[in-house]
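Atoms within each ligand, like the ligands themselves, are counted from 1 in listed order. Everything quoted here is computed from the prediction, not taken from an experiment. Side chains included, hydrogens not; waters and symmetry mates left out as well; all remaining heavy atoms used.
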Amino acid sequence: MDILLLEQQRNIEFGAATATHCPYCAFQCGIEISGTGADVRIAGDAAFPVNKGALCIKGWTAAAALSHPDRLTTPLARDPNGVLVPVGWEEALDRIASAFKGTREQYGPDAVGIFGGGSLTNEKSYLLGKFARVALQTANIDYNGRFCMSSAAGASIRSLGLDRGLPFALQDIAGAQAILMMGSNSAETMPPMMQYFEEQKAAGGKLIIADPRHTPTAARADLHFRLIPGTDAALALGLIGKPNSGYGCLTGQGGREHGQKADQLPGYRRIDDPAARQYVASVWGVPETSIPGPGISAYELLDSLGQDGGVRSLMVMGSNVVVSAPNANHVVDRIKALDFLVVSDFFLSETAELADVVLPSAQWAEEEGTMTNLEGRVIRRQLACERPVGVKDDIDVICELASRLGTGAFFAYKNTGEIFTELGRASAGGPADYSGITYEKIDASQGVFWPCPSLTHPEHISMVPPAHVRSRRCFPFSAPRFPRGRARSPCGTTRRRLPALPDHRADLAHYQSGTQTRRIPELQEMMPAPLAEIHPSTARRHQLEDGGPVTLQTRRGSANFKTNISRNIREDTIFVPFHWGGMQAANRLTNPALDPISKMPGFKVCAVRIQSTPHPASPTGEAGNRP
Ligand SMILES: Nc1nc2c(c(=O)[nH]1)N[C@H]1C(S)=C(S)[C@@H](COP(=O)(O)OP(=O)(O)OC[C@H]3O[C@@H](n4cnc5c(=O)[nH]c(N)nc54)[C@H](O)[C@@H]3O)O[C@H]1N2
Ligand SMILES: Nc1nc2c(c(=O)[nH]1)N[C@H]1C(S)=C(S)[C@@H](COP(=O)(O)OP(=O)(O)OC[C@H]3O[C@@H](n4cnc5c(=O)[nH]c(N)nc54)[C@H](O)[C@@H]3O)O[C@H]1N2
Ligand code: SF4
Ligand SMILES: [Mo]
């Protein structure tokens, strides 16, 4: 449709170097991408002030996913035998629109649900939220950010009055006398961030880590509290400092700022606030009464699938919930009970395998838009490569579906920039005000920090974080609350010198549900299967051998891993990553109990049993969770 045509007419010189950003985590390293086809090359962008040229291995190898042979290049739909077969775009979009209409007629608008992702650009996040409220008129839209940092966000709002991934600019790390990090392993999850801690160390500052594991980040710390998982509240109540907890997926921040979250409208406005509803309705040109109220949160939405009063038809865009949601066996059962599932992805993810219709989406280098990094810096994703024939941008998909649902007039954009301008207007006056941000301003200043209510005020056009970002850097920590008071005293806290971490680079190689990184040869070589990190005494008690199989079990399921015997873990704790599917999925084990305030599942910690007889059919290992 028109956006596609316009991009082609712009006659971009594909292959020339383009400054853009890594597709993965919220650090959003600046990269330079050049070349075409299988010869696309990536280099760190030394001019971008966040990573200053540094990248992790995932960034260096990100181009491999663009030309990967597994790439979806045509829509797929079930044939009469239930097999996914290639179909044309018209047929795929018609099937989706007719399923959504049928569900709406039979069960009402809230029976159609949307599950979005923090990896979507701000423009897509905004449009998906508007699509839910205007085209589908459903309350039920939520996204993977609820699995990521919504507890940290809730804590920030209560302690600071503002939710921003990091409540201070990265450059302020270097000047801090002491920093306490609880439940964060930046050396493996955002390695280029470590340069700021090195600067802090050189200036005489101290780093304190609270983590049950002796991680590479803890190895760099002056003090390591090796606490029992879930006891952070007890630790945080004796300590005063500048702690940090959680700053997530790519633009998870933008996702909730612009309406993918069940309780929010663009600009981080509450959907139950009458003034906010009135204002956003006026921007959208719809009656205020037509905007639905708050919907249910991500796990509640998945739990409702196919149930009476629940969601019957679901669209998933930018998430692989079968691998990443807690209590995965149950989630698969619920998905199978749906009347209709459509998944948009680059690859046939574990979730897409269960879909009635699969849509092939453009990847990061083949689209344009904006993202918001962990500092609240709004940056540009630039179009750098031609997308494969047959692949569409999610934006085109949303607009074409809206048109089939009779609401095309509300989704008539000439280009992505028009969507961003409308997003800015819809956010104006809200806590996350983007109205003073333009693509041109971002390009001229290496990103613009929100809130940015003014097009011209000098504070909103400079490269350094403005005062409103910098002033919020000292705050007390509010720990997330879980229903069954778990807080115990952090006995076992230690200052012993600990042995070095073995060089298996546990978590560095893989990203999230692994759909992308499990397909990249260098990353698979670094970590071909999930390792369960187990203390030598625990391993001895259960007769486990290093490198051998181990099966872990909870009331919700069991999963297979490879044993990694290590003194870096507490004797009473096992750590597993969550980047694999099938019998290697950590989330088969995890507990979906929700934090009553943020509705984030408490799945990062659960009680687990080692099955005494290791699973014979476990060729590799399997494993879980960050724990
Ligand atoms: N390589 C890689 N990098 C990533 C990602 C990825 O998948 N792979 N994902 C990105 C995303 S979306 C996110 S949200 C971030 C997450 O990155 P981080 O915030 O660094 O978080 P995690 O790796 O989830 O967990 C960090 C540490 O918390 C410890 N921990 C577990 N339970 C507790 C507890 O109860 N108390 C304390 N104090 N510590 C605990 C774990 O041992 C672990 O070392 O990383 C981003 N970067
Ligand atoms: N046990 C356990 N579970 C966890 C966590 C944990 O620490 N432990 N961490 C949680 C956290 S922090 C997070 S953020 C979630 C993440 O988990 P997910 O929500 O599953 O996130 P991704 O793996 O990034 O999934 C994104 C999917 O969308 C596709 N995709 C990426 N970008 C786009 C796009 O622009 N358009 C479309 N159509 N598709 C796209 C990718 O190929 C991938 O299949 O997992 C959570 N689950
Ligand atoms: S730290 Fe994050 S943004 Fe930077 S290269 Fe690695 S995955 Fe990409
Ligand atoms: Mo995340």
Side-chain angles (χ1 to χ4, degrees), residues 21-31 42 44-45 48 50-51 54-62 117-119 143-150 152 165 180-194 208-218 224-236 243-253 255 319 324 364 371 373-374 477 479-480 482 486-488 490 493 505-514 516-517 523 526-527 533 568-570 573-579 600 602-606 625-627:
H21 297 273
C22 172
Y24 299 116
C25 82
F27 209 67
Q28 280 300 287
C29 291
I31 61 170
I42 285 177
D45 179 357
F48 188 60
V50 175
N51 58 312
L55 299 179
C56 80
I57 180 81
K58 295 187 298 305
W60 288 113
T61 55
S119 54
Y143 83 125
N144 66 10
R146 192 78 75 162
F147 297 157
C148 177
M149 48 194 181
S150 53
L180 167 63
M181 295 217 289
M182 307 176 89
S184 185
N185 178 19
S186 312
E188 287 186 303
T189 56
M190 296 186 185
M193 194 196 288
M194 295 315 283
I208 306 161
I209 298 288
D211 195 307
R213 302 189 300 146
H214 189 63
T215 61
T217 317
H224 175 203
F225 290 103
R226 205 169 188 176
L227 78 187
I228 297 170
T231 60
D232 297 63
L235 175 63
N244 158 48
S245 92
Y247 32 64
C249 39
L250 194 161
T251 181
Q253 189 82 32
S319 186
S324 58
W364 57 283
M371 286 88 53
N373 83 346
L374 78 169
F477 175 74
F482 284 92
R486 282 233 181 91
R488 285 171 282 166
T493 296
R505 310 222 213 155
D507 221 3
L508 174 64
H510 287 291
Y511 189 68
Q512 318 271 63
S513 67
Q516 291 144 282
T517 51
L523 303 180
M526 275 174 77
M527 199 176 182
E533 210 169 283
N568 294 319
I569 188 87
R570 292 173 56 98
T573 306
I574 296 175
F575 178 88
V576 289
F578 79 103
H579 316 295
M600 177 170 173
F603 58 158
K604 297 210 174 190
V605 181
C606 67
N625 200 4
R626 311 153 171 215

(Q) For atom 40 (C) of ligand 1, which of the options P212, P229, P191 provides the nearest non-hydrogen atom? (A) P212

Q: For Y24, take its heavy atoms, then give the atoms of ligand 3 lying under 4.0 Å from any of them.
A: 7 (S)

Q. Under 4.0 Å from any heavy atom of P192, which atoms of ligand 3 are there?
A. 1 (S)

Q) Atom CG in D45, atom NE2 in H21: separation rounded to 0.5 Å? A) 7.5 Å

Q: Pull out every atom of ligand 1 sitting under 4.0 Å from any heavy atom of L508, numbered as shown with elements.
A: 1 (N)

Q.
Has H579 got a side-chain atom pairing as donor or acceptor with S513's backbone, closer than 3.5 angstrom?
A. no

Q. How does T217 reach ligand 1, by side chain, by backbone, by both or by neither, if only non-hydrogen atoms under 4.0 Å count?
A. neither

Q.
Taking A187's backbone N and O only, do any of them form a donor-acceptor pair with T217's side chain (distance below 3.5 Å, no angle check)?
A. yes

Q: Could you pull out the closest heavy-atom pair between R226 and P212, with the gap in Å?
A: CG-O, 3.4 Å

Q: Locate the shortest heavy-atom distance separating S324 from F147; write the atom from each residue and the value.
A: O-CD1, 4.0 Å

**Q.** Pick from T517, T189, L180: the one approaching atom 47 (N) of ligand 1 most closely through a non-hydrogen atom
**A.** T189

Q. Rounded to the nearest 0.5 Å, what separation is found between the CG atom of L227 and the CD1 atom of I209?
A. 11.5 Å

Q. Of the backbone atoms (N, CA, C, O) and the side-chain heavy atoms from C-beta on, which set of T215 has a member under 4.0 Å from an atom of ligand 1: side chain, backbone, both, or neither?
A. side chain

**Q.** G59: numbered ligand 3 atoms lying under 4.0 Å from its heavy atoms
**A.** 5 (S)

Q) Counting backbone and side chain alike, does C22 bring an N/O/S atom below 2.8 Å of atom 2 (Fe) of ligand 3? A) no

Q.
Check this for me - ligand 1, A210, N or O atoms closer than 3.5 angstrom, yes or no?
A. yes

Q. Run the side-chain contact (heavy atoms from CB on, under 4.5 Å) check on T573 and I228 step by step: do they pass?
A. CA-CA 8 Å; T573 306; I228 297 170; 5.7 Å; no

(Q) List ligand 1 atoms under 4.0 Å from L227, heavy atoms only on the residue side. (A) 37 (C), 38 (N)

**Q.** Candidate with minimal heavy-atom separation from atom 39 (N) of ligand 1, of S513, G602, G183
**A.** G183

Q: Grab the two heavy atoms, one from A509 and one from M527, that are nearest each other, plus how far apart they are.
A: CB-CB, 4.3 Å

Q. Which heavy-atom pair separates D211 from S184 by the least distance, and what is that distance?
A. OD2-O, 4.4 Å

Q.
For K58, which part has a heavy atom under 4.0 Å from ligand 1: side chain, backbone, both, or neither?
A. side chain

Q | K58 side chain vs H510 backbone, donor-acceptor pair below 3.5 Å | A | no

Q. Any idea which of C29, C25, P23, P191 brings a heavy atom closest to atom 4 (Fe) of ligand 3?
A. C29

**Q.** For ligand 1, the portion of E188 having any non-hydrogen atom under 4.0 Å away
**A.** backbone

Q | Proximal ligand 3 atoms for Q28, defined as those under 4.0 Å from one of its heavy atoms | A | 3 (S)

**Q.** Closest contact, heavy atoms only, P192 versus F27
**A.** CB-CE2, 3.7 Å

Q: For C25, counting its heavy atoms only, list the atoms of ligand 1 lying under 4.0 Å from any of them.
A: 46 (C), 47 (N)

Q | Within reach of ligand 1, part of C148 (heavy-atom separation under 4.0 Å) | A | side chain

Q: Mark yes or no for whether N144, through its side chain, and G118, through its backbone, hold a donor-acceptor pair below 3.5 Å.
A: yes

Q) For ligand 1, which atoms have a heavy atom of H510 less than 4.0 angstrom away? A) 1 (N), 2 (C), 6 (C), 7 (O), 8 (N)

(Q) List ligand 3 atoms under 4.0 Å from K58, heavy atoms only on the residue side. (A) 7 (S)

Q: Could you tell me the residue and atom name of the protein heavy atom closest to atom 6 (Fe) of ligand 3, and the distance to it rounded to 0.1 Å?
A: C56 SG, 2.3 Å

Q. What is the minimum heavy-atom distance between F48 and G30, and which atoms define it?
A. CD2-N, 3.4 Å

